2 protein chains.
Amino acid sequence: MTRVLVIDDEPQIVRALVINLKARHYEVDAAHDGATALELAAGRHPDVIVLDLGLPDMDGVDVIKGLRGWTRVPILVLSARHSSDEKVEALDAGADDYVTKPFGMDELLARLRAAVRRAEPVPGGTDDVIVETPGFTVDLAAKKVVRGGKDVRLTPTEWHLLEVLVRNTGRLVSQKQLLQEVWGPSYGTETNYLRVYMAQLRRKLEADPAHPRHFITEPGMGYRFER
Amino acid sequence: MTRVLVIDDEPQIVRALVINLKARHYEVDAAHDGATALELAAGRHPDVIVLDLGLPDMDGVDVIKGLRGWTRVPILVLSARHSSDEKVEALDAGADDYVTKPFGMDELLARLRAAVRRAEPVPGGTDDVIVETPGFTVDLAAKKVVRGGKDVRLTPTEWHLLEVLVRNTGRLVSQKQLLQEVWGPSYGTETNYLRVYMAQLRRKLEADPAHPRHFITEPGMGYRFER
DNA sequence: CCCGCGCGTCAGGGTTGTGTCAAGGACGCC
DNA sequence: GGCGTCCTTGACACAACCCTGACGCGCGGG
């Protein structure tokens, strides 16, 4: 299911958006200010963001920049200002689209669909959706892991960590990068999280968790997933 | 250079676009009808398409569908019609953005930049930087060294030192420069560190550590990495 | 011939990093 | 309100890493 993050300080607009989105089977989170928005974006990993530029606590463009520092998630800007400069500034800061208020709900939804659509990975592209190892199989599209013919239950965080590692199969991923991709941009140093969750992944997926063959530790640097 | 395909039957609009785009160092092709447009799109492989919906020979939406049959190139629709239905139809057919005439050139260019930007491949993605020697292989992106088919385990400091040397393949790197790059700006004289870690690198990577062929000492000056 | 200098080698000890376990708390669900 | 799942956090043992000092060797100059 597609997850949308709506950021606006006007309750009636948020309500209208939430109702319309939920009716079309989107999963919706909402924030009323920039700080909450950045937090939610990091924690919930939305597939698309609808952002009102006029927020109470910070400049909308700064919100865009804050997001673009670590994610390429589509950002659809909503604004009451029609001036060309505003649009150019927001778009160049990293926004994907710019809609002026008052807006037609149909149009907004169509633009949302367009933004989500083009962010989708190429179907049948070069990147493998299924990664096999001698011990288990990871299906990135179906978000499923099979080991010995049986599905392995992973928690959201475990899956997220696995996903980042598998997408970088063979490459070393630094601890900082893992933390920021999974827990959000402000978590650069909490390496104990990594240790706990790497242990859980190994316990669930490695034949011998004490001597991992696929989830390899590079001391002082990071971790590496090998098939 | 970014290549743009402009499709419009109004000569003055095409002229305005071409002039503005060329001034910003885009490469521009132009078509006045749908048939020519599809042909040019296939032959020239533009990085982005600006498409007027009101064409003399075919419906603009059909042009979009024709393009989407084989390419994901960003399509920016230009139209005199403001109706919501038109927009929704074009966007759902596969357009990336929809701008109504009359439009501001600044805004259009900003939307164009946004469309091109998000079509770019992720920087630092899958492209690997690999350096090979007769004895071993260094993959700078994956932070991996392979020797005789097996991975070589390097500590952070060893890797850091190797990285600096490899990035300067063939060139002499002074002891001071090595110390400062690996241990920090305040370490200019602790040459014993270098001796210890060069020895470890040689032991792990050289066929005959006592007579190094790749990690060469230039007495009194520094070290040099040769393939 | 002896000495100083620069470099290579080795092994120990302090420091940092990692694996593991278990308990507490937040959250959603019935 | 009770229950279960999941995330966070702290404590501890152990392993890995980095620094350090000592020694040997080759070379050139006194």
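The shown structure was predicted, so the numbers you read here are calculated from the model rather than taken from an experiment. Order of the sequence lines fixes the chain letters, A, B, ..., with proteins taken first and strands second; residue numbering starts at 1 for each chain.
Each side-chain hydrogen bond (donor to acceptor under 3.5 Å, both in side chains) pair with one or both residues in residues 153-167 of chain B, not counting sequence neighbours, appears once here: B:E158-B:K204, B:W159-B:E163, B:E163-B:R167. Sorted by first then second residue, the ring-ring contact (aromatic ring centres under 6.0 Å, His included) pairs that include residues 75-104 of chain A, not counting sequence neighbours, number zero. Judged as a ring-ring contact (aromatic ring centres under 6.0 Å, His included), the pairs with a partner in residues 197-220 of chain B (not counting sequence neighbours) are, in order, B:F136-B:H214, B:W183-B:Y197, B:F215-B:F225.
Side chains of B:R202 and B:T217: a donor-acceptor N/O pair is present below 3.5 angstrom, by distance only.
Using five terminal pairs a side, the axes of the helix from C:dC1-D:dG30 to C:dC30-D:dG1 at its two ends make an angle of 20°, given in steps of 10 degrees.
Residue B:R153 is out of contact with every strand shown, counting any heavy-atom pair closer than 4.0 Å. A:Q175 comes within contact range of the sugar-phosphate backbone alone, with a heavy-atom separation under 4.0 Å but no base atom that close.
Between B:D96 and B:R68 there is a salt bridge, since a side-chain N of the basic residue sits under 4.0 Å from a carboxylate O of the acidic one. Between A:D97 and B:R111 there is a salt bridge, with a side-chain nitrogen of the basic residue lying less than 4.0 Å from a carboxylate oxygen of the acidic one.
The salt bridge (charged side-chain N to carboxylate O under 4.0 Å, His left out) test applied to B:E190 returns no partner, not counting sequence neighbours. Applying the salt bridge (charged side-chain N to carboxylate O under 4.0 Å, His left out) test to B:K144 and every residue at least two apart in sequence or in another chain returns A:E226. For A:D52, the salt bridge (charged side-chain N to carboxylate O under 4.0 Å, His left out) partners at least two apart in sequence or on another chain are A:K101.
In terms of modelled atom types and a separation under 3.5 Å, the side chain of A:D139 and the main chain of A:A142 share a donor-acceptor contact. A donor-acceptor pair under 3.5 Å is absent between the side-chain atoms of B:R213 and the main chain of B:R227, judged by distance alone.
Heavy-atom distances under 4.0 Å link DNA chain D to no residue of residues 21-39 of chain A. Near-neighbour residues of DNA chain D inside residues 181-202 of chain A, defined by a heavy atom below 4.0 Å, number-ordered: A:W183, A:Y193, A:V196, A:Y197. DNA chain C lies under 4.0 Å from at least one heavy atom of each of the following residues of residues 220-227 of chain B: B:G220, B:Y223.
Along DNA chain D, read 5' to 3', the first and last nucleotides having any atom under 4.0 Å from a heavy atom of chain A are D:dC6 to D:dC17.
At whole-Å resolution of the value, CG in A:D208 and C1' in C:dT20 are 15 Å apart.
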Quiz: residues 13-33 of chain A side-chain donor-acceptor pairs under 3.5 angstrom, not counting sequence neighbours:
unit_1, atom_1, unit_2, atom_2, d
A:N20, OD1, A:R24, NH1, 3.2
A:N20, ND2, A:A16, O, 3.0
A:R24, NH1, A:N20, O, 3.1
A:E27, OE2, A:R3, NH1, 2.9
A:D29, OD1, A:R44, NE, 3.3
A:D29, OD1, A:R44, NH2, 3.1
A:D29, OD2, A:R44, NE, 2.8
A:D29, OD2, A:R44, NH2, 3.4
A:D33, OD1, A:A35, N, 3.2
A:D33, OD1, A:T36, N, 2.8
A:D33, OD1, A:T36, OG1, 2.7
A:D33, OD2, A:T36, OG1, 3.0

